[in-house]
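Side-chain atoms are counted along with the backbone in the values below, which use heavy atoms only and exclude waters and symmetry mates. The chains referred to below are lettered A, B, ... by the order of the sequence lines, with proteins before strands, and numbering in each begins at 1.
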Number of protein chains: 2
Amino acid sequence: MATIYEVAALAGVSPATVSRVFNGQTVSAEKKRLVHEAATKLAFTPNRTARRLRGQSSEIIALLIPDIENPFFTALARGVEDCAREAGYSLVLCNTDDDPAKELHYLEIVASEQMAGVILAPASDEVDLGAIVSLGRPVVAVDRTTPYPVDAVKIDNRAAGIGATTALFEAGYRRIACIAGPAGIETTEDRFLGWRQVVAARKTVLHDGYLQHANFRVDGGRAAMRALLALDTPPDAVVTTNNLMAVGALQALAAAGIAPDVFGLAVLGELPFMALTPTPFVQVRLPARHLGRTAAAMLLERIGGDAQPPRTVVLRAEVNPREEQAL
Amino acid sequence: MATIYEVAALAGVSPATVSRVFNGQTVSAEKKRLVHEAATKLAFTPNRTARRLRGQSSEIIALLIPDIENPFFTALARGVEDCAREAGYSLVLCNTDDDPAKELHYLEIVASEQMAGVILAPASDEVDLGAIVSLGRPVVAVDRTTPYPVDAVKIDNRAAGIGATTALFEAGYRRIACIAGPAGIETTEDRFLGWRQVVAARKTVLHDGYLQHANFRVDGGRAAMRALLALDTPPDAVVTTNNLMAVGALQALAAAGIAPDVFGLAVLGELPFMALTPTPFVQVRLPARHLGRTAAAMLLERIGGDAQPPRTVVLRAEVNPREEQAL
DNA sequence: AGTCTTGACGAAATCGATTTCTTGGACTTC
DNA sequence: GAAGTCCAAGAAATCGATTTCGTCAAGACT
């Protein structure tokens with residue numbers, strides 16, 4: 001690993017001049033040539049650690065997500081990465097497992113690694129951004145919001161819930177249940193509120209137990225669907241508030257021998273590798289990748305020094321009834 | 001962001017002493033107390049950049065994978081992360097898109113960021129590890145091997161191919177085709193060799209066109225399956241050499257109205273969110289997460305100074321005919 | 001008592017790039 | 001021709017933690 005000093009020595013100039021060559025400062029053509037020659041000969045790459053120590057910041061942004069195995073978040077990560085790389089930034093992906101302690105740990109790392117900024121899908125409302133915000137590091141909340149005055153990008157979850165439920169209603173279903181995520185998480189809360197609003201407005205049949213809370217994973221969805229099917233008056237359709245729970249619900253339906261066109265299923269989120277039969281009846285596409293791109297763009301603006309008051313961008317989901325779904 | 005100097009000043013000791021307190025050196029109890037007090041009062045976190053500059057290495061390991069949206073690689077990443085975090089390391093995930101240029105770019109970053117090591121799923125055989133290897137940074141190749149003398153963890157792909165094909169044969173299929181990945185990629189090459197070996201040994205019917213090469217993605221699998229179905233003598237079963245192509249194949253089958261028990265389908269890889277009907281007939285589980293854990297463990301050993309000659313660990317895949325598949 | 005060992009701990013060097021300061025020379029300008 | 005301006009480029013400070021080196025004092029040993 002050649003250093004700037006070795007390059008300087010070989011080129012017969014001072015280290016300062018070498019630095020100037022690589023940072024677009026005023027250097028004579030002759031020395032510029034010498035430095036470039038020496039640099040290529042030694043395969044010189046500036047040491048980013050030293051640069052960062054001096055410059056107090058790096059070209060790395062962190063993305064904290066609750067579950068790297070959830071396609072929603074990998075699509076989001078992909079969006080962030082695309083945008084970040086275009087701007088010359090690298091991405092560090094951290095898995096928080098929805099655990100506030102891990103989240104906090106990673107936020108500390110962000111600070112002490114002097115990363116340029118963070119995009120965070122908060123594990124809970126109680127996330128402690130105090131330290132990082134007061135440090136002046138840009139933060140963008142994604143998918144969920146926070147009580148702190150930081151930028152946020154989210155989806156209009158209530159509208160998504162309304163859209164899904166309405167689509168089921170218009171398709172003729174009248175006993176529409178809902179498999180919601182863990183209570184207290186904003187994202188799923190809003191989605192289920194959308195469901196409730198439609199169900200109340202349309203005066204559909206609503207039995208006890210039509211609202212199931214589950215964890216955000218496949219097993220949660222499966223258990224919730226089983227519970228629904230076991231009710232005295234089971235529903236004829238269900239809205240699941242995330243992608244993995246929908247998979248679980250489909251599994252439970254399949255196990256019970258119920259075809260998903262008899263039983264209406266609306267999914268909030270994409271089931272990327274499932275575009276085969278059985279297809280859910282209604283799919284509300286959540287623009288995960290776009291979410292990521294938007295968040296990254298906002299973060300980069302902040303990193304560039306933009307100091308306008310915090311913004312919240314709300315993206316709208318797209319409701320696709322089955323007949324419009326392309327294979 | 002408090003520095004060690006401020007802590008030292010507040011505690012009335014030298015910066016060296018503060019450093020010693022945090023690095024388990026011999027310091028008197030009294031000063032230790034003073035330093036800890038000062039440190040908590042100032043919310044001191046050591047600046048990792050400075051530490052790294054001095055120590056020439058960081059607690060970050062990089063994982064370079066071709067596609068972050070492929071569940072196989074996210075499971076692998078998960079395995080790496082679990083293992084790394086236990087050891088106090090953080091993980092940087094980089095997406096290479098199977099593009100050698102991006103790969104090289106990230107390898108340069110690894111070097112200039114002074115990361116502790118890299119786990120790499122090489123984009124191609126021509127990956128240039130020369131620079132990083134000669135720098136002495138530990139490298140572990142995962143899923144695919146390289147010509148360089150570095151540790152590697154891979155799957156016994158030929159055995160996986162043999163297992164899948166044999167299972168189909170034993171289930172009575174006699175016209176077994178293969179949808180392989182891009183020519184020249186070791187992983188898929190070995191799998192398809194396994195298929196060929198069984199097909200040759202069992203003397204099954206083998207028509208022109210029974211071997212299809214496709215890209216590793218869903219659309220490739222779909223196109224390949226369409227091509228197979230359009231043959232004069234179409235196969236009655238197919239081995240797909242990765243997970244996404246299997247999804248595409250299932251889609252094409254569904255579109256053609258063919259149930260997957262009539263037509264035998266063997267998949268190398270997991271279709272994690274698809275454990276519903278239609279289920280592929282044979283599934284060869286590739287231990288992705290385990291692959292990640294193993295690679296991380298090996299890398300950490302190297303980082304710890306282990307200097308034994310390069311090892312290659314081969315993990316065996318597990319063949320699950322459908323009846324054994326648990327829901 | 002005197003030398004040796006040991007241990008705590010401060011001063012200062014170090015990691016490598018960037019960024020002020022400074023300097024010396026070329027070039028204007030009156 | 002003297003004074004002022006400008007610019008390339010080297011010397012040195014800087015970022016913050018670690019680590020070597022050296023010092024001083026207390027305790028051990030002969």
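Taking atom CG of residue B/Asn47 and atom C1' of nucleotide D/dG16, one finds them 6 Å apart after rounding to whole Å. In this entry the distance linking CD1 of B/Ile4 with P of C/dA13 reads 18 Å, nearest Å. Counting to the nearest Å, the C1' atom of C/dG16 and the CZ atom of A/Phe22 are 14 Å from each other. Straight-line distance from the CD atom of A/Gln56 to the C1' atom of D/dG16: 9 Å, rounded to whole Å. Atom CD of B/Glu113 and atom P of C/dG16 are 15 Å apart (whole Å). Atom pair B/Gln25:CD and D/dT18:C1' shows a separation of 10 Å (rounding to whole Å applied). If you take CG of B/Asn23 and P of D/dT19, they are 7 Å apart, rounded to a whole angstrom. In this structure, CG of B/Leu42 is placed 14 Å from P of D/dG16, rounded to the nearest angstrom.
Note on A/Thr17: a side-chain N or O is less than 4.0 Å away from OP1 or OP2 of D/dG10. Residue A/Thr3 places none of its side-chain N or O atoms closer than 4.0 Å to OP1 or OP2 of C/dG16. At the phosphate of D/dA9, OP1 or OP2 sits under 4.0 Å from a side-chain N or O atom of A/Ser28.
Of the candidate nucleotides D/dG16, C/dC9, C/dT18, C/dT18 has the atom nearest to the side chain of A/Arg51. Comparing atom distances between the B/Ala16 side chain and each of D/dA17, D/dG10, C/dA12 picks out C/dA12 as nearest. Of all nucleotides listed (D/dC15, D/dA9, D/dA17), D/dA9 comes nearest to the side chain of A/Lys31. Side-chain atoms of A/Leu53 lie closest to D/dC15 of the nucleotides D/dC15, C/dG10, C/dC15.
No side-chain donor from either of B/Glu113 and B/Ser58 sits under 3.5 Å from a side-chain acceptor of the other.
The closest side-chain heavy-atom distance from A/Val27 to A/Val35 is not below 4.5 Å. Within the 4.5 Å cutoff, the side chain of B/Tyr89 has heavy atoms near those of the B/Ile303 side chain.
Both A/Pro15 and B/Arg54 sit near DNA chain C, but only B/Arg54 has its closest nucleotide nearer the 5' end. Across the interface with DNA chain D, nearest-nucleotide mapping of A/Arg20 and B/Pro46 shows A/Arg20 to be the residue nearer the 5′ end.
Counting non-hydrogen atoms of other residues, nucleotides and ligands closer than 6.0 Å to CZ of A/Arg85 gives a total above 12.
Contact annotation for B/Val18: no contact, since no heavy-atom pair falls under 4.0 Å across all strands.
Here B/Asp82 pairs with B/Arg289 in a salt bridge; the nearest charged N to carboxylate O distance falls below 4.0 Å.
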